[in-house]
Structure formats: structure tokens, C-alpha cells
Amino acid sequence: SGREQSLSAVPVLSEALSSADAPSRLKAAAALGRFGPKAAPSSRALLEALGRALKARALVLIVACRQALEKLGAAGVSACAEGLKDSDSSVRAAAAWTLHSFGEAALGARPALASALDDSEAMVRIKSAAALVSLEPGHPGARKTLEESLASAEAKIRLEAALTLSAMGLNLPEILPILAEAARESDDPLVRVNAGTALGAAGPQAAGAAPALTAAAADPRAEPLLRL
């Protein structure tokens with residue numbers, strides 16, 4: 001039937017996620033998203049593609065892969081929980097970050113996220129902690145991880161924690177100075193844009209960061225990124 005023929009495209013699209021051609025990867029992710037739960041066999045390929053996209057900071061592909069994973073439902077949750085044990089830290093971070101977006105459907109993944117708090121990579125620890133806090137606000141281990149990350153001696157770790165919390169809608173007061181510093185002083189235009197966007201999303205409580213927002217918006221290096 002036509003429906004069976006349509007579903008037969010899932011393996012082909014999954015393979016296309018590894019294409020050397022960026023537009024082909026994006027089209028494949030978008031197409032898999034339209035299949036919804038029926039694209040469950042693609043869960044692993046989507047998670048790996050999301051990990052690569054995070055590493056390459058390919059913003060549009062990040063969104064497409066994450067949305068496709070979310071539409072898989074239970075299969076997406078299972079793939080992400082398993083992905084927390086992957087040998088590639090980018091895949092582990094992608095798995096933790098995506099689990100947050102499943103909401104209550106990801107409650108069963110809490111043990112896997114808790115184990116990931118001991119990950120060797122800061123990015124994985126941070127995203128796992130933020131996902132855990134979103135599922136279980138009082139989780140002591142997750143809160144400790146976030147507090148330690150926000151107070152880290154490494155600016156990169158502080159910023160990763162601040163951006164992650166902001167992206168998840170957890171605009172804690174202590175992240176605002178970190179975001180303002182990054183928006184004002186970072187040499188990376190993408191970091192400046194991300195930090196400025198996060199500050200804007202924080203609303204009135206970020207009023208004191210207006211100079212940093214102005215500086216980020218005025219940066220000519222950031223103009224192409226603002227159009228994404």
C-alpha cells in the first residue's frame with residue numbers, strides 16, 4: 001500500500017542523516033519528524049545526528065533533529081535514556097537535553113539522568129542536571145551539580161550552565177551576570193547572540209543587563225546569526 005511504501009522511506013531517511021550534504025541532512029530530519037511515532041526505527045540515527053549538530057553548532061539542524069525525536073514519543077524517550085550511556089559525549093549531551101522536552105513522559109528516565117550527573121564531561125553533567133530539575137525540582141544531586149557549574153572557575157562551564165538553564169526556562173537570578181558578561185565580552189559571535197537571547201528571554205529581571213544586550217545586538221559579526 002501507499003502507507004507501507006511511505007514507511008519504507010524511514011531507513012533511507014535515517015541513512016541520509018549522515019550525508020555529507022547539509023541540506024540533505026536537514027531534509028531527512030524534517031521528513032522523519034512528519035512520520036511521528038512511526039519513525040521509531042530512526043531514533044538512534046536522529047540522536048547521533050543531533051549530537052553531531054550540537055558539536056558543529058548547526059542551529060537549524062539541531063532544531064529539526066530534536067523536534068523529530070520529540071515526535072517519536074515513548075521510542076524517543078527510550079532512545080535518549082539509552083543515549084546517556086553512549087561513548088560520544090555529544091550524543092550523551094543531546095540525549096539529556098532532549099529528555100527535558102518530553103516532560104512527564106520522561107519521568108522513567110530519571111535514574112539514567114541521575115547516573116549521568118557523574119559523567120566525565122561538564123556539558124553532559126549540566127544538561128542532565130537541568131533535565132532532572134525540570135522533572136524533579138527538588139532533586140539534591142541535580143541542584144548541587146548546577147550550583148557547582150554556575151560557580152566554576154572555568155568561564156566555559158559557567159556559561160554552559162547559564163545557557164542551558166535559560167533554554168529550559170529556568171531563569172535563576174545567579175545566571176544573569178554570567179550571561180551579561182558573555183554577551184558583552186565573548187570573542188565568539190554565536191556565544192554573544194545566545195547569551196543576549198537568553199537575557200532577553202529572562203524579561204524584566206534582566207533589566208540591569210541592557211548595556212550587554214545592546215552590545216550583543218550591535219556586533220556586526222552577529223548579524224547573520226540573528227537572521228537564523
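The analysis underlying the following values was restricted to heavy atoms, covering all of them including side chains, and did not include hydrogens, waters or symmetry mates.
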Cluster check Val10, Leu50: I/L/V/M/F/W/Y, side chain < 4.5 angstrom: yes
Validation row: Glu148, Arg125 side chains within 4.5 angstrom (heavy atoms): no
Shared hydrophobic cluster for Ile178 and Leu163 (ILVMFWY, side-chain gaps under 4.5 Å): yes
Leu26 versus Ala64, closest heavy-atom pair with distance: CD1-CB, 3.7 Å
Ser128 to Leu84 - nearest heavy-atom pair and separation: OG-CD2, 4.1 Å
Distance, nearest 0.5 Å, that separates CG of Leu69 from OG1 of Thr98: 5.5 Å
Arg143 (side chain) donor-acceptor with Pro140 (main chain) under 3.5 angstrom: no
Ser24 side, atom OG; Glu15 side, atom CD - distance, nearest 0.5 Å: 12.0 Å
From CA spacing to verdict: salt bridge (Lys or Arg N to Asp or Glu O under 4.0 Å), Glu121, Arg92: CA-CA 9 Å; Glu121 293 291 331; Arg92 299 197 303 274; 5.3 Å; no
Asp86 bridged to Arg44 by N-O distance under 4.0 Å: yes
Rounded distance (nearest 0.5 Å) linking atom NZ of Lys156 with atom CG of Leu159: 10.0 Å
Contact summary for Leu165 and Ala130, nearest pair of heavy atoms: CD2-CB, 4.4 Å
Point-to-point distance, once rounded to the nearest 0.5 Å, from OG of Ser18 to CZ of Arg25: 9.0 Å
Residue pair Asp119, Lys127: steps toward the salt bridge (Lys or Arg N to Asp or Glu O under 4.0 Å) verdict: CA-CA 11 Å; Asp119 197 276; Lys127 293 192 182 303; over 6 Å; no
Atom pair OG (Ser14) and CD (Glu48), whose distance is rounded to the nearest 0.5 Å: 10.5 Å
Common cluster, Leu46/Val91, ILVMFWY with side-chain heavy-atom separation under 4.5 Å: yes
Main-chain N/O of Trp97 paired with Ser101 side-chain donor or acceptor, under 3.5 Å: no
Closest approach of Arg110 to Leu135 (non-hydrogen atoms, all atoms of both residues): CG-CD1, 4.2 Å
Any residue meeting side chain to side chain contact (heavy atoms under 4.5 Å, CB included) with Ala31, in chain and number order, not counting sequence neighbours: Leu13, Arg34
Side chain to side chain contact (heavy atoms under 4.5 Å, CB included) assessment of Lys55 paired with Asp88: CA-CA 11 Å; Lys55 189 181 291 186; Asp88 186 331; 3.9 Å; yes
Verdict with reasoning, Glu160 to Thr164, per side-chain hydrogen bond (donor to acceptor under 3.5 Å, both in side chains): CA-CA 6 Å; Glu160 179 66 36; Thr164 297; 3.3 Å; yes
Reported CD-to-CG distance for the pair Glu82 and Leu47, which is rounded to 0.5 angstrom: 10.0 Å
Distance-minimising heavy-atom pair for Phe102 and Gly73: CE2-O, 3.6 Å
Test log, rule side chain to side chain contact (heavy atoms under 4.5 Å, CB included), inputs Phe35 and Ser42: CA-CA 10 Å; Phe35 280 106; Ser42 71; over 6 Å; no
Main-chain N/O of Ala40 paired with Ser43 side-chain donor or acceptor, under 3.5 Å: yes
Side chain Ser134, main chain Ala131, donor-acceptor under 3.5 Å: yes
Exam field: side chain Arg52 to backbone Leu17, donor-acceptor pair closer than 3.5 Å: yes
Ala114: side chain to side chain contact (heavy atoms under 4.5 Å, CB included) partners, not counting sequence neighbours: Leu132, His139
Side-chain ion pair, Glu70 and Arg66, N-O less than 4.0 Å: yes
Verify same cluster id: Ile62, Met123 (apolar side-chain graph, 4.5 Å): no
Side chain to side chain contact (heavy atoms under 4.5 Å, CB included) partners for Ala161, two or more places apart: Ile126, Ser149, Leu150
Nearest non-hydrogen partners of Ala142 and Val133, listed with the distance: CB-CG2, 3.7 Å
